[in-house]
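Everything on this sheet refers to the single structure shown next.
In what follows, chains carry the letters A, B, and so on, assigned in the order in which the sequence lines appear, proteins first and then strands, with residues in each chain numbered from 1. Quick note: numbers below take in every heavy atom, side chains included, and nothing from hydrogens, waters or symmetry partners.
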Amino acid sequence: MSNFDDSDAFEAAAAPVPLSQRAMGVRPAPYLDELNPAQRDAVEALDGPVLLLAGAGTGKTRALTTRIAHLLNLGRARPGQILAVTFTNKAAREMKNRIGRLLGEMVEGMPWLGTFHSISVKILRRHAELIGDGALHLKPSFTILDTDDQVRLLKQLIQAENIDEKRWPARQLAHLIDGWKNRCLSPAKLPQGEERAFDGRGGRLYAAYQRRLLELNAVDFGDLLMHCVNLFQAHPDVLRGWQDRFRYILVDEYQDTNTAQYMWLRLLAQAHRNICCVGDDDQSIYGWRGAEVGNILRFESDFPGAQVIRLEQNYRSTPHILAAASGLIAANKGRLGKTLWTEAEEGERVRLIGHWDSEAEARWIGEEIEAFHGGHRHSVGRRSLNDIAILVRASHQMRAFEDRFMTIGLPYRVIGGPRFYERQEIRDAMAYFRLAVSPTDDLAFERIVNVPKRGLGDKAVQKIQVEARERGLSLLEGAASAVATGAIGGKGAGALRQFTEAMGRWHADALDSRVNHVELAERILDESGYTAMWQNDKNPDAPGRLDNLKELVKALEEFENLQGFLEHVALVMDNDKGEQSEEVSIMTLHAAKGLEYPIVFLPGWEDGLFPSQRSMDESGMKGLEEERRLAYVGITRGEELVTISFAGNRRMYGQWQSSLPSRFIDELPEDHVEVLTPPGLYGGGYGAAAQPFAQSVMHERAARADVYNSPGWKRMQERSAQRAQPVHRTPVVIDAEPAARFSVGDRVFHQKFGNGTIMGIAEDTLTIQFPTGFKTVKAGYVQPSSGGGALDDVPF
DNA sequence: AATATGCTAGTTTTT
DNA sequence: CTAGCATATT
């Protein structure tokens, strides 16, 4: 709520802080004494550009929040003049709390502490009319579409263009457009050639999509940033106003900024240059979604004269853990470089263990956890399950642990996973609320018009769309009109009339301040038949969905009305359930960033899984380095004991596949690692587990000079080269397609994956190696490749 | 219009 | 192998 009580008038903010207030502001600063020298530098270097390189566990949030407190305490700025940006709502909340704690209740909430997106919304609402062209522009009440809406909109546009949705799925286009928006490329600015992506129509569809969004008075997440940047660039006066307002700028997790966020910051900071960016280049793990490590690496040249302050004293982990992590990350090139140190006691070395297969791995980790929990391991003592985390590379790895823990009755919680507001039933309910609040929300209408089933299929919806378009109405109005004119008859008509009439009542009630909005929400769900739909559903997950709906209604209580709730939810999609009970945490490495646990397990360190084959195929060395940073993030989550493991065999897509230990294992510094022999492998030194590691450690020293020439790397390259040269050439005739004869080894072309080589044939199913990896594809989806293939002379 | 079958793809995730 | 989607069937 405090997010929106920005009491300063826009113009007033530009005025300097009165002297009287400045003098009054200077108070003793006891908080400074609690900082180490580097943190203190970070807090006191208030003017000019500052890059704060904060390694894992070095008290970065403390430095950042103290810096804000110091700015306020010295009277350098009022709360409304500090811009503090984070990536997640969670981080923003945390900072707010800690600033409040530092300053007591003396300071009103900071109106401009928030995520890039929430701050952008506030800015855009004030200048909405400037977005778009003269004829069509945003209104301040614009709605924010989530990914789901975005994809459904794109799907409509793709259908309108008569493009084969199978070969060109809307998701892919959404991804492409997101990528463009991350780089602040509006349709007009797409570089030569890029607009040809997506079957040559990417640029056109992008432009159509943007136009449609304006028509709907809507923006997607990417727009929030891009529109802001465009606004600043096109209207220097507007930019000037915001530059004057934000006297000091602070940015958290700077290594995760994408190009649009970078431009956004640069524009706002370029006048006074009071910008402090906090980040750790070694923890940049979001390159795949547009983050540019380059932003942090370039900081000093972007802001000449910048001070660089390193936070290197680590308060989290033991020396062995730090050394293992440091040794690993040292293999990356082009780092800014940091040396983490600690005063903590030495502790145990990082443990490494190999297992026969992924099930044995899960079994062993389960036993270890039981031992820790029962206090059977004296070096660590009896531990709460809340102290223990399992961090995996890919979510499918979680299943082995869930299965195992379920059978042995070990309580666990999965962190991440599908979020509350992304669940189907929640989205449906929200669509009802959206439509009740704004009857012109066509996307919400489409989502729920036939949920629960009202006998209205594609054809009926199409009729409604035609009706609405012809008369210039919203879909809801169009539906009412279609019923009235008899365009829709039969069974659907009655249900549709009921629906539109009920929606009319709900809308009136939503606007009526005398109607309690929580009761209204309940009534909407009941009268629409939505609750009944799940009550009658015999799926085992139906009761859970009903619970979620109850929870949603309960969440409404904290808001004034439905409008306020919807505005909030559009931006704050997180749901942190406080940890109540004792549970082991299971999550992906990405989800673990920023968290810490005394005991950490890192399973699945196998080449291809971690580092992920796909990362390496798609992004080569850059991808590998990002994977290595992910490994670094994983190890540095541990406070006391970190255990890395790998399995020689793993079930993938229903088949057992054998794999080699991760090359990252080769890169761990030997002195800080203890190799364990799993129970059941008597004598050690043979079998799938200990032996490969023992060998690889022997190579390790020599390999250190250049890991990309390491045995592991070469081994991989050799293997993929071998795979690319199949021996058999068995001609296969695909029925009813006389021209489509394929043999193993043929070069073929696939609309989506491009050129590839056939590696295997079963009936009409081909296994093909594409640049992006192996795919199994029906023969009908590929053609003989035109370039350099063996079948060039086959008539087509 | 609702349900059954068939196919394909299959990391990481916030806003 | 399996979820999610798209097409085929009733």
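dC5(C) and dT12(B) have their C1' atoms separated by 23 Å, given to the nearest Å. dT14(B) and dA3(C) are spaced 24 Å apart, taking the C1' atom of each and rounding to whole Å. The gap from the C1' atom of dT2(C) to that of dT13(B) amounts to 22 Å, rounded to the nearest Å.
Distances shown here put a side-chain N or O of Thr588(A) below 4.0 Å from the OP1 or OP2 atom of dT13(B). Distances shorter than 4.0 Å separate some side-chain N or O of Asn450(A) from OP1 or OP2 on dA2(B).
Of the two residues contacting DNA chain B, namely Arg393(A) and Gly416(A), the nearest-nucleotide position lying further toward the 5' end is that of Arg393(A). Comparing Leu630(A) and Phe116(A) by the nucleotide of DNA chain B whose heavy atom lies nearest to each, the residue mapping closer to the 5' end is Leu630(A).
Protein atom CZ of Arg171(A) is 14 Å distant from nucleotide atom P of dT11(B), rounded to whole Å. When rounded to the nearest whole Å, the span between CG of Asp617(A) and C1' of dT12(B) equals 15 Å. A straight line from CZ of Phe420(A) to P of dT15(B) spans 16 Å, rounded to a whole angstrom. When rounded to the nearest whole Å, the span between CG of Asp256(A) and C1' of dT15(B) equals 13 Å. As a whole-Å value, the separation of Lys453(A) NZ from dT3(B) C1' is 10 Å. Rounded to whole Å, the distance from CD on Gln655(A) to P on dA9(B) is 16 Å. Regarding Arg399(A), its CZ atom lies at a distance of 17 Å from the P atom of dG10(B), rounded to whole Å.
Along DNA chain C, the stretch of nucleotides lying under 4.0 Å from any heavy atom of chain A spans, 5' to 3', dC1(C) to dA6(C).
If you check dA2(B), dA1(B), dT14(B) against the side chain of Thr88(A), the one that comes closest is dT14(B). Listed nucleotides dT15(B), dA2(B), dT11(B) differ in distance to Thr147(A); the shortest reach to its side chain belongs to dT15(B). The side chain of Trp288(A) lies closest to dT13(B) when the candidates are dA2(B), dT13(B), dT11(B). When distances are taken from the side chain of Lys459(A) to each of dT14(B), dA1(B), dT11(B), the shortest belongs to dA1(B). Of the candidate nucleotides dT11(B), dT15(B), dT13(B), dT15(B) has the atom lying nearest to any side-chain atom of Leu571(A). With dT15(B), dT11(B), dT13(B) as the choices, the nucleotide that has an atom nearest any side-chain atom of His590(A) turns out to be dT13(B). Distance from the side chain of Ala591(A) is smallest to dT13(B) among dT13(B), dA1(B), dT11(B). Nearest nucleotide to the side chain of Thr115(A), out of dA1(B), dT11(B), dT15(B): dT15(B).
Of the charged side-chain nitrogens involved, at least one lies within less than 4.0 Å of a carboxylate oxygen, so that Asp607(A) and Arg663(A) count as a salt-bridged pair. At a threshold of 4.0 Å, the pair Asp256(A)-Arg289(A) does not count as salt-bridged, since none of the basic side-chain nitrogens sits closer than that to a carboxylate oxygen. Ion pairing of Lys181(A) with Asp178(A) is absent here, as no side-chain N (NZ or NE/NH1/NH2) approaches a carboxylate O to less than 4.0 Å. Under a 4.0 Å N-O distance rule, the pair Arg399(A)/Glu402(A) does not qualify as a salt bridge.
In this structure, Phe87(A) does not pack face-to-face on the six-membered ring of dT15(B), missing the 5.5 Å centre cutoff or the 30° plane limit.
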- Query: Is there a side chain to side chain contact (heavy atoms under 4.5 Å, CB included) between Leu83(A) and Leu268(A) once you walk through the steps?
  - Reply: CA-CA 10 Å; Leu83(A) 172 66; Leu268(A) 286 171; 3.9 Å; yes
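The number of heavy-atom neighbours closer than 6.0 Å to CD of Gln498(A), taken from other residues, nucleotides and ligands shown, is 12 or below.
No option in Asp149(A), Asp148(A), Asp441(A) other than Asp148(A) meets the salt bridge (charged side-chain N to carboxylate O under 4.0 Å, His left out) test with Arg447(A).
Ring geometry, Trp288(A) versus Tyr286(A): the interplanar angle falls from 30° to 60°, so the pair is classed tilted.
For the pair Arg427(A) and Tyr421(A), the cation-pi test (distance below 6.0 Å, angle within 45°) is failed.
Heavy atoms of Glu626(A) sit nowhere under 4.0 angstrom from any nucleic acid atom. Residue contacts for Arg651(A): at a heavy-atom cut-off of 4.0 Å it reaches no nucleic acid atom on any strand shown. Residue contacts for Asp220(A): at a heavy-atom cut-off of 4.0 Å it reaches no nucleic acid atom on any strand shown.
For Ser395(A) against dT11(B), a side-chain-to-base donor-acceptor contact under 3.5 Å is absent.
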